[in-house]
Amino acid sequence: MPTFTSRSPVSAVVATAEGLALLEREAPELMSSPVLVNLSEFPVKAILKLVLGDTDPRPERIAAEIALIDDPRPVLAEEPRILPNFGYESRDVPEASARTTWPSEVSLNRRAEVVFSGPSQGNPFVDVSLTASFTDGTSVIGVGGFYDGDGRYVVRFLAPATGAWHFRTSSSARSLNGIEGTIDVVESAIASPVRAVGTHFERADGEPFRPVGTTAYAWTHQSEELQDRTIRSLADAPFNKLRMGLFPKHFLYNSNDPDRFVWERDELGDFDTTRFDVEYWTKLEARIDQLAEIGVEADIILFHPYDRWGFATQSRAADDRYVQYAVRRLSAFTNIWWSMANEYDLLLTKTNDDWDRLARIVRDEDPVGHPLSIHNWVELWDYSSDWATHCSIQRGEGLSRSVDEWRAKWNKPVIVDEYGYEGDIDQGWGNLTGEEFVSRAWQIAIRGGYGSHGETFHRTDEELWWSKGGELHGSSAPRLKFLDSLISESPTGRLDPLPSDWDVSWGGAAGSYVLLYFGGARPSFRDVAIPEGMTVEIDVIDTWAMTVDRQPGEHSGSVRVNLPARPYCAIRLRSVG
């Protein structure tokens, strides 16, 4: 019989005599907490950390003891994996006989599509394998193809460099096997894909990229009219990255069913996890292209726990099939990022080994190498994983110190993709004031991290930006733009953590550009020890009013800077020599 794990739901553990006795003995605080009722279906270790605190050693000890208790729940049967059928077409079908079209020329950083008219009998989604090898004579790049319905097969290619790229296909279908052609890739001004480099990001051409993200989890599962409004809002907003899910969401303010889903339905109305709904994917891709046109990266969330359709508990075979198909369809878009999951530690049927397996599918199937990460609820992922390009973290407090710790521990870019939401709903995570929300963004940025915006203002029509998009109603967006403009004025176009005072964080570019941020404190002056060797101009910045007041003169040594005794102010030092 299997045993419980740290991700087993609290309800299942306390339903056993041993589990109940253990928690009553070791964690009486949990047993008397409303959390036991409100969050009983959440994982036991995460709930223990939530109730007992991150520094309490008991969650680790209790989780180890829970792993010795038999789990009496029935084990879900795994469906068999479906292998391509190499006898899919009879031997009298000539090899490389499928009608094929491809562009003779394509611009650099624009995807090329090789389209094949092939067989459609049976179930081509699983029966037919299709790959292509592209070479410019120096590099060889393998690309997976996909079935697009009605006998249409596609291989998408995003060349990393200009030149003549020759391709040759390999397929379990004879008519698709051995097809060859050449695509000329020419120079263009189209933005190149983003990469993680050290603790920051840049485009493939070396241009620094500062993610100013936002979140609208289920915006592509709404009406076309609402999706159009979301695009218009994003076009006028400062955001250049959008977190969004492929599966719809079942949670507060998310009661509607979308028109289409990742999977087709069978004749009984059940989801057939061997067949993809091509129309869903086509519409999704049109929206991703619209995001690219307005300069927004699509941070694609592959899994999440907020589900009533069964997508969160699919078989491993279905998960693998879905991830491979998604990456093969989307990786040739320049503006793609991958997130394995939103709140991975709430997906109770998946282990860390499952996440590693699925992430390696993404990495293996994505020849472009788009950014890839995974996002937590309580338990941070270990971002030393070789597939994780950056940290995608949920954390609401102690942000300056935490960003320091994460950067030092993993030496990768840190994005705090959830640090609360500006809004007024009844949930503690969704009713931050604009001032507090922007202050948290500054705490993250000043130490070299990046924060993602989110907004949850109550609406009777349930159109909350954080999930469905629509219009922005908060006060933080222009102030996040102001923050980014200040970062852009650094000689490096970035902020890195600098040696700081005990009570004030410093960040910038060593020797040339320094920001000091006071958060909610409201000093009337500050004696600033200007770094040795710097002669500087001094600005006093009101981060809420978005004003910059230049102080007279040039300064070195120790300087008293007068401040307005208001919260959310900063000091900027800029080298003049």
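Below, all heavy atoms of this structure are taken into account, side chains as well, without hydrogens, waters or symmetry copies.
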I'd like to check [X] versus [Y] (side-chain heavy atoms, cut-off strictly below 4.5 Å). Are they in contact?
X	Y	value
Phe311	Val262	no
Trp377	Phe42	yes
Val44	Pro9	no
Thr230	Trp465	yes
Ile183	Trp102	yes
Phe125	Val278	yes
Val362	Met340	yes
Trp381	His375	no

Q: Pick out which of Phe247, Tyr217, Phe251, Trp466 makes a ring-ring contact (aromatic ring centres under 6.0 Å, His included) with Tyr306.
A: Phe251

Q) Any chance the rings of Tyr421 and Trp429 have centres within less than 6.0 Å? A) yes

Does a side-chain N-to-carboxylate-O contact under 4.0 Å join [X] and [Y]?
X	Y	value
Asp319	Lys350	yes
Asp345	Lys45	no
Lys468	Glu463	no
Asp228	Arg287	yes
Arg260	Glu279	yes
Lys249	Asp307	no
Arg152	Glu113	yes

Q: Show your working on side-chain contact (heavy atoms from CB on, under 4.5 Å) between Ile361 and Val327 and close with a plain yes or no.
A: CA-CA 9 Å; Ile361 292 174; Val327 178; 5.8 Å; no

Can you see which heavy atom on [X] is nearest to which on [Y], and at what distance?
X	Y	answer
Ala326	Leu246	CB-CD1, 4.1 Å
Ile231	Leu291	CD1-CD2, 3.8 Å
Phe261	Tyr280	O-CB, 3.2 Å
Thr162	Val186	CG2-C, 3.7 Å
Ile288	Asn335	O-ND2, 3.1 Å
Ala235	Ile294	N-CD1, 3.8 Å

Q. Under the 3.5 angstrom rule, does the side chain of Glu95 hit a backbone N or O of Ser175 as a donor-acceptor pair?
A.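 Side chain of Glu95 to backbone of Ser175, a donor-acceptor pair under 3.5 Å: no, none is there.
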
From [X] atom [atom1] to [Y] atom [atom2], the distance as rounded to the nearest 0.5 Å:
X	Y	atom1	atom2	answer
Phe209	Ser192	CZ	OG	10.5 Å
Ser331	Ile300	OG	CD1	11.5 Å
Asp150	Tyr147	CG	OH	6.0 Å
Trp337	Ser392	CH2	OG	9.5 Å

Q: Quick one: which residue pairs count as a side-chain hydrogen bond (donor to acceptor under 3.5 Å, both in side chains) with a foot in residues 361-374, not counting sequence neighbours?
A: Gln324-Glu365, Arg328-Glu365, Trp338-Asp366

Q | The single option from Arg203, Arg195, Lys241 passing salt bridge (charged side-chain N to carboxylate O under 4.0 Å, His left out) against Glu297 | A |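 The salt bridge (charged side-chain N to carboxylate O under 4.0 Å, His left out) with Glu297 is passed solely by Arg203 among Arg203, Arg195, Lys241.
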
Q: Quickly, which of Arg316, Arg360, Arg7 forms a salt bridge (charged side-chain N to carboxylate O under 4.0 Å, His left out) with Asp354? Name it, please.
A: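 With Asp354 as partner, Arg316, Arg360, Arg7 yield a single salt bridge (charged side-chain N to carboxylate O under 4.0 Å, His left out), made by Arg316.
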
Q | Lys NZ or Arg CZ of Lys409 over Tyr383 ring: under 6.0 Å, within 45° | A |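 So Lys409 doesn't make the cation-pi contact.
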
Q: Apply the test side-chain contact (heavy atoms from CB on, under 4.5 Å) to residues Phe167 and Thr182: give CA-CA distance (whole Å), side-chain angles for both, the deciding distance (0.1 Å), then the verdict.
A: CA-CA 6 Å; Phe167 68 85; Thr182 300; over 6 Å; no

Neighbour count >12 (heavy atoms, 6.0 Å) for atom [atom1], [X]:
X	atom1	answer
Asp184	CG	yes
Arg73	CZ	yes
Asp461	CG	yes
Arg110	CZ	no

Q: For side-chain contact (heavy atoms from CB on, under 4.5 Å), just list the numbers for Trp281 and Tyr325, CA-CA rounded to whole Å, side-chain angles, deciding distance to a tenth of an Å, and then say yes or no.
A: CA-CA 10 Å; Trp281 291 93; Tyr325 190 81; 3.9 Å; yes

Q.
side chain to side chain donor-acceptor pair (under 3.5 Å) for Thr274 and Asn123? Distances and angles first, verdict last.
A. CA-CA 8 Å; Thr274 69; Asn123 183 357; 3.2 Å; yes

Q) Taking only residues two or more places apart in sequence or in another chain, which ones pass side-chain hydrogen bond (donor to acceptor under 3.5 Å, both in side chains) with Asp70? A)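 Asp70 satisfies side-chain hydrogen bond (donor to acceptor under 3.5 Å, both in side chains) with no other residue.
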
(Q) Assess the residue pair Ser467 and Asn254 against the criterion (side chain to side chain donor-acceptor pair (under 3.5 Å)); give the C-alpha distance rounded to whole Å, side-chain angles, the decisive distance to 0.1 Å, and a yes or no. (A) CA-CA 8 Å; Ser467 188; Asn254 287 264; 2.5 Å; yes

Q) Given Arg243 and Asn342, is the side chain to side chain donor-acceptor pair (under 3.5 Å) satisfied, shown in steps? A) CA-CA 9 Å; Arg243 299 176 67 224; Asn342 185 69; 2.6 Å; yes

Q) Can you list the steps and then say if Trp410 with His390 is a ring-ring contact (aromatic ring centres under 6.0 Å, His included)? A) CA-CA 9 Å; Trp410 289 304; His390 63 283; over 10 Å; no

Q) Can you list the residues that meet the side chain to side chain contact (heavy atoms under 4.5 Å, CB included) rule with Thr16, with sequence neighbours excluded? A)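 Phe4, Ile69, Pro72.
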
Q: Using side-chain contact (heavy atoms from CB on, under 4.5 Å) as the criterion, point out the one residue from Ile336, Asn109, Asp205 that pairs with Pro193.
A: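 It is Asn109; the other options fail the test.
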
Q | Worked check of side-chain contact (heavy atoms from CB on, under 4.5 Å) between Ile415 and Ser452 | A | CA-CA 7 Å; Ile415 305 182; Ser452 288; 3.9 Å; yes

Q) Trp165 and Phe157: ring-ring contact (aromatic ring centres under 6.0 Å, His included), yes or no, with the steps? A) CA-CA 10 Å; Trp165 288 86; Phe157 178 58; 5.4 Å; yes

Q | From CA spacing to verdict: side chain to side chain donor-acceptor pair (under 3.5 Å), Glu462, Ser255 | A | CA-CA 9 Å; Glu462 296 194 341; Ser255 57; 3.0 Å; yes

